[in-house]
Amino acid sequence: MQEISTILVEASKYLFAGLITLYTLFAYVGATIRVEKKRTKIYVFETLIMFSIHLLGYIILYLLKDDFRYAILYFVQFALIFMTIMIYDVLYPKASRLLINNMCLLLMIGFIIIGRLDFDRGVRQTLITAAGTVITFFIPWMISKFRGLRNLSWLYCLIGVLSLAGVWALGRSVYGANLNISIAGITFQPSEFIKIIFILFVASMYNKSTSFPRIVVTTLLAIVHIGILIASNDLGTGLIFFVVYLMMLFVATHNWLLLVAGTACGAGAAAAAIRLVPHVTTRIEIWKNPWATVTGSGYQICQSLFAIGAGGWFGAGLLQGSPDKVPVVVKDFIFAAISEEFGIIFGIGVLLICLNNLILMMNIASRCITLFYRLVAVGIGAAYGFQVFLTVGSAMNMIPMTGVTLPFVSYGGSSVISALLMFGLINGMYNMRKDEGEVKYDRKKKQAEKRTAADAAPRRA
Amino acid sequence: MQRRGVRKIRNRETNIISYVFVVLFLVMIVYLGYFSVVVAPSIEDSVYNQRIEREPVIEVRRGSIYSSDGAVLAQTVLSEDSTEEVRQYPFGSLFAQTVGMARGGGSGLEGGTDEYLTRSTSGVDVADPMSGDIYEEQYGDSVYTTLDESLQQAAVNQMGDQKGAMVVMDVSTGKILAMVSNPSYDPNTASENMQDWLNLSSTDSVLVNRATQGLYPPGSTFKMVTALAYLQQNPDTWSDFSYNCTGELTVDGATTVRCTHAHGKVNFEMAIADSCNCAFSLIGLSLDPTAYRDTVLSLGFNQDLDIGIENSTPTFLLDATSSKADVMRTSFGQGSTSITPLENCMIAATIANGGVEMKPYLIDHVVDSDGNILETFSPEVYNTPMTEEQAQLLGKFMRSVVTKGTGGGVNVQGYTCAVKTGSAQYDDSNPNAVRAWTIGFAPYENPQIAFAVVLEDNATESTPSVRVVRDFLYDYFSITASRS
C-alpha cells in the first residue's frame, strides 16, 4: 500500500502537469473558436480534465492522509462543481461555458491545495463556495431584470466611499493593514466587494457621458476611493482600483492621452508613496532584498521563494512539500504552495488559465453593445487580471508584496464570493448578448439600424 | 468590408487591454522560469530553508567534569520543568577558574575539554513524550580530572580571602592536585553576575586564573634557580662559597643590594636558608650568563606549555649583554623575571622528584556516558634540568630553610617539609609592598607533593604565605593519614 501510494504520488506529478497543459491548450483553442457548436467537444474535454485533476488530487489526499473525511469532502466538492455547471447550462445556456470551466478548474485546484493544507479550511471553503454560487445564480437574472442598475452612480459612490472610510475607521489591523471588519462574528474584507461597487460606479458615471467635467469629477472620486485604501494600508487593492479605473477610462474615452497621463500620475503617486508612506517604504525594502531581513519582515517572502524553488518543473508531489512553512500560505501565498507541490509547469498552466479568463472577459466586453456593460466587463476583467498579476508577482518577489489573493484559488470567503460575483456579472452580461438592450421590449423595428449604429459606437442608455 | 472596419474600431481598446495583460503574464511566466532555473538553486541551501533535509542536529547533553575521586565538579541537568539544560557546578566557587565555565566558548577545563564533553560515544534510546517516537539521546563523554577535592578544599580554606594563588602538584607524576585563584566566583551565578565580573579591573579580576595566568616576580624563590646554576657551574667548589653579609653590597660604586639585616658569615647553604640577597648578587655575578640563561630556560621559562587550560609563559630576559645591576637583581629574583605559580611549583616538584621535571596535567582520563574509559593520560617527563645529586642538594638546602632559615614557621612537629620563601617587590616606589611567596615540597624524606603559594596583598614579608603552607600541610597530612 505504501509503495502504491509512493508510485501514485510520483506519477501524479507528471499527470497533473500533463492534464493542465492539455486543459490550457483546449482553453485557448476554445477561445478562438467563434462558432458555439464547435466548442461542445472542447467543453467536454475540459470538464473531463478538470474533474480528473480534482479526483487525482483527492485520491492522493485520501490515501496519504488515510482519512475517510477526504473521500466525503471529495464527493461534496464534486457534486457542487457538477451542479454549478449543470445549473448554468440549464438556466443560462448562453453564459460562457469556457469561463465557467476555467472558474471551476481554479476552484477545484484551490479545493485540493486548501484541503491538503488544512481539512477544516477545505470544508469551509467548500461551503462558502456553495453559498457564493447560489447567490451568483441570481446575478444574470438580476442584470436582465433591473436595468436601472446603470443609473445608480451616486449610490455606488456613496456606498463605496462610506464603506471604505468605515473600514478605515473601525477596521482592525491584520498583517499591518486595516483590511477586515467583523460583523456578528463573521470577519470579511469589504474592499473585495467595494471593488465591484467601484466598477459599477465608474461604469455608470461614464455610461451617461464622457464630458470633460464628468471625467474630472469621476477621477476625483476615484482618487478618494484609492486614497482611503492607501490610508488603510490596503496597497494591493488600492493599486487594483487604480488600474481598473485607468482601463475603464481608456475604454470609455478611447483617449490614449488620458491613459498615458493617468499612468504617469500613478507612477508619480507611487514614487511619492514609496518615499512618504512608511508601510510602502518597508515593502519596497523587503522587495529589493528580502534576505536582509530573512528572520523578520522578509521571512514570509523568503519562505515563499524557498517553496517555489523547491518545486522545480514538476513539483515535489502532492503532500510531499512543506508549503505550510510559508505564513498565510492559504491566502496571499497560495501560488507558492501550488508551485511547490505541483511544480512550475502547473503554475504556468494556472497563470495561462487566468490570462485566458481575462481574454475571455475582454472578448465579452467587446461584444457588449451597451457602454455600461462593456465598462463593467472591462473593469472586472482588469480587476481580475491585475489581482492575479499582483498575487503571483508578489509570491515570487517579482514585485513588492501586495497582500491580495488569487481569485477562486485562495482560501477566504470574501475572496471567493467576490470572485464569484464578478464572474456572475460577466456571465450575466454575456448571457444577454443576443437579447441585450431593449431588444426584448420595444422598437423591434428599429433593431437592425440601431445594431449597426451600436456597433460603431456603444450606446448610452 | 465596412462591417469589418467597424468591428475593428469597436475592439480596439479591449484588445489593447488584452495585449497589455498578455505581456504582463508572459513576463511573469518568464520570470517564474528564470527564478526556478537560475535563482532557486542558489537559495535552496540557505540555512533559513527548512525544507532541506539536514543532518538532524543531535543534541548532545554536555558531559560532566569529575574530581580524581569522582566528585562532580560540573554537570548538566534538566531544569525543574525539564525544558532546558542547566550547567551546574556543585562546589560553587571552589574550583572556579580551574574548571571554568561552559558559556561563551568555554574557559578553564570546560573550554579545554570541550571536545570530549560535547562528543558522544554512546547514546541512550528514549521515547519522545509528545510523539512517542524513539530517538537516541546523546550524552557527551565525561572527564576525570587530577584535582583532589579534599586538597582543593584545604587549599581554599587556608588561602582564605587573601588575594593570590596556590598550586599543589603530585611530585612524581605532575598531576595537579589543587589549584586556587583568589578572588574567586561562583560559576552558578554567572548569568546574573557575568557582566559585573567582566567589568572588574585586571588586578581585581575573578575570572583570571592567577595560578596559571598570573605573572609575578619570583623574588627569593628564584634563588633556587640561581643556586642550581651555581651548582652546575661549580660542581666541585660550591661548598667553598663563603660570604660575610653586612646587610648591603655595593658593586662598582653604583648598584647597592640590601638584605633585611646583616646575615654575617654565610656559606652556600646558609645563603639560601637565610635568603641573603648580597651573597646571591655575588653568586649571580660569578655565573657565566649564557649558561645561567640555559639553566633557567631548561626549567620551562620562555616556553609555552599546554596544560589544557589558559596559562601564561614565564619569562626570563637576562642574557650575556645584560648589565651587572640586572644580573645582581635577577639572581635573587627581582629584575624583569616573571613567573607563574604553576611554574614555581614545577621547580619545587623537580627538586623533589630527583631532578626530573614532570609535565603538569589536569585531565586524568575520559569516560563515555556508561563509564567506560576511553582515554587515559599518563605522566610525561617535561625535561631533566638537573642531576639527581643537584636535586638532592637543593632539596637539602630547602630543608635548611625550614630548620634554620626563613621558613622556620613551617617547621611544626609531626611532619617534614622543605620550602623556599620569597618576598618579591613589585612596586619600585614602595619597597615594603611585596608578593609573599613560598614554594616547597613535603614530606622531605619521601616527597609526595610540591606546592607554590603567592599572596598579593601588601605583605611586607613572606610570613603570610608560610602560614598558608603550614596550615595546608597540616591538613594534607591529616587527609593522607585518614586515607591510609
Side-chain angles (χ1 to χ4, degrees), chain A residues 247 250-254 256 259 291 294-295 299 302-303 305-313 316 321-322 325 335 339-340 343-344 347-348 351-352 354-355 358-359 361-369 374 377-378 381-382 385-386 388-389 392-393 396-399 452 454-458, chain B residues 1-59 83-84 104 127-128 130-135:
Chain A
M247 297 298 175
F250 176 55
V251 172
T253 61
H254 314 282
W256 275 98
L259 183 65
W291 305 103
V294 60
T295 55
Y299 181 79
C302 287
Q303 292 304 321
L305 293 179
F306 287 139
I308 298 171
W313 293 108
S322 318
K325 299 261 191 276
F335 189 77
S339 294
E340 174 167 11
I344 301 289
I348 291 173
L351 276 178
L352 287 174
C354 293
L355 179 63
L358 178 117
I359 293 169
M361 286 192 248
M362 287 304 148
N363 285 347
I364 290 170
S366 76
R367 290 193 195 184
C368 288
I369 294 155
R374 179 182 290 191
V378 166
F386 200 66
V388 173
F389 173 74
V392 176
M396 52 193 189
N397 203 38
M398 190 176 92
I399 57 168
T452 319
D455 279 356
Chain B
M1 281 310 288
Q2 197 196 346
R3 184 169 173 83
R4 198 173 174 78
V6 164
R7 176 176 282 265
K8 231 178 176 177
I9 292 164
R10 196 184 70 178
N11 287 338
R12 202 182 67 181
E13 286 84 22
T14 50
N15 280 353
I16 287 168
I17 293 171
S18 296
Y19 294 145
V20 167
F21 276 98
V22 167
V23 170
L24 271 183
F25 276 64
L26 284 181
V27 168
M28 271 200 289
I29 289 165
V30 169
Y31 186 88
L32 186 56
Y34 159 80
F35 174 82
S36 179
V37 172
V38 180
V39 182
S42 69
I43 63 167
E44 69 180 0
D45 288 334
S46 163
V47 292
Y48 300 102
N49 188 357
Q50 299 150 329
R51 284 173 179 74
I52 304 282
E53 286 232 2
R54 297 177 194 288
E55 285 285 309
V57 182
I58 299 165
E59 287 280 331
T83 53
E84 53 178 354
D128 183 76
M130 304 298 284
S131 63
D133 294 340
I134 301 292
Y135 65 95

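Each chain gets a letter, A, B and so on, in the order its sequence line appears, and its residues count up from 1.
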**Prompt:** Taking it one step at a time, do M396(A) and L32(B) satisfy side chain to side chain contact (heavy atoms under 4.5 Å, CB included)?
**Reply:** CA-CA 7 Å; M396(A) 52 193 189; L32(B) 186 56; 3.5 Å; yes
**Message:** Looking at W256(A), I'd like to know if its CH2 atom is crowded, meaning that more than 12 non-hydrogen atoms belonging to other residues, nucleotides or ligands lie closer than 6.0 Å.
**Reply:** no
Can you tell me which of [options] forms the most heavy-atom pairs within a distance under 4.5 Å of chain B?
| options | result |
| --- | --- |
| A316(A), G309(A), G381(A), A310(A) | G309(A) |
| F389(A), Y299(A), W313(A) | F389(A) |
| G321(A), C302(A), A382(A) | A382(A) |

**Shortest non-hydrogen contact from I43(B) toward F306(A)** = O-CE2, 3.2 Å
**Request:** Work out which heavy atom in S18(B) is nearest to a heavy atom in L358(A); give both atom names and the distance.
**Result:** CA-CD2, 4.1 Å
Check whether any side-chain heavy atom of [X] sits under 4.5 Å from a side-chain heavy atom of [Y], and report yes or no.
| X | Y | result |
| --- | --- | --- |
| I348(A) | F25(B) | no |
| L355(A) | L26(B) | no |
| L352(A) | I29(B) | yes |
| M247(A) | E13(B) | no |
| M28(B) | L351(A) | yes |

Residue [X] versus chain B: region with a heavy atom under 4.5 Å:
| X | value |
| --- | --- |
| F386(A) | both |
| Q303(A) | both |
| V251(A) | both |

**Request:** Report the option among F21(B), Y19(B), F35(B) that has the most heavy-atom pairs separated by less than 4.5 Å from atoms of chain A.
**Result:** F21(B)
**Message:** For the CD1 atom of I16(B) and the CE atom of M362(A), what is their distance to the nearest 0.5 Å?
**Reply:** 11.5 Å
**Asked** Where on V37(B) is there a heavy atom nearer than 4.5 Å to chain A: the side chain, the backbone, both, or neither?
**Response** side chain
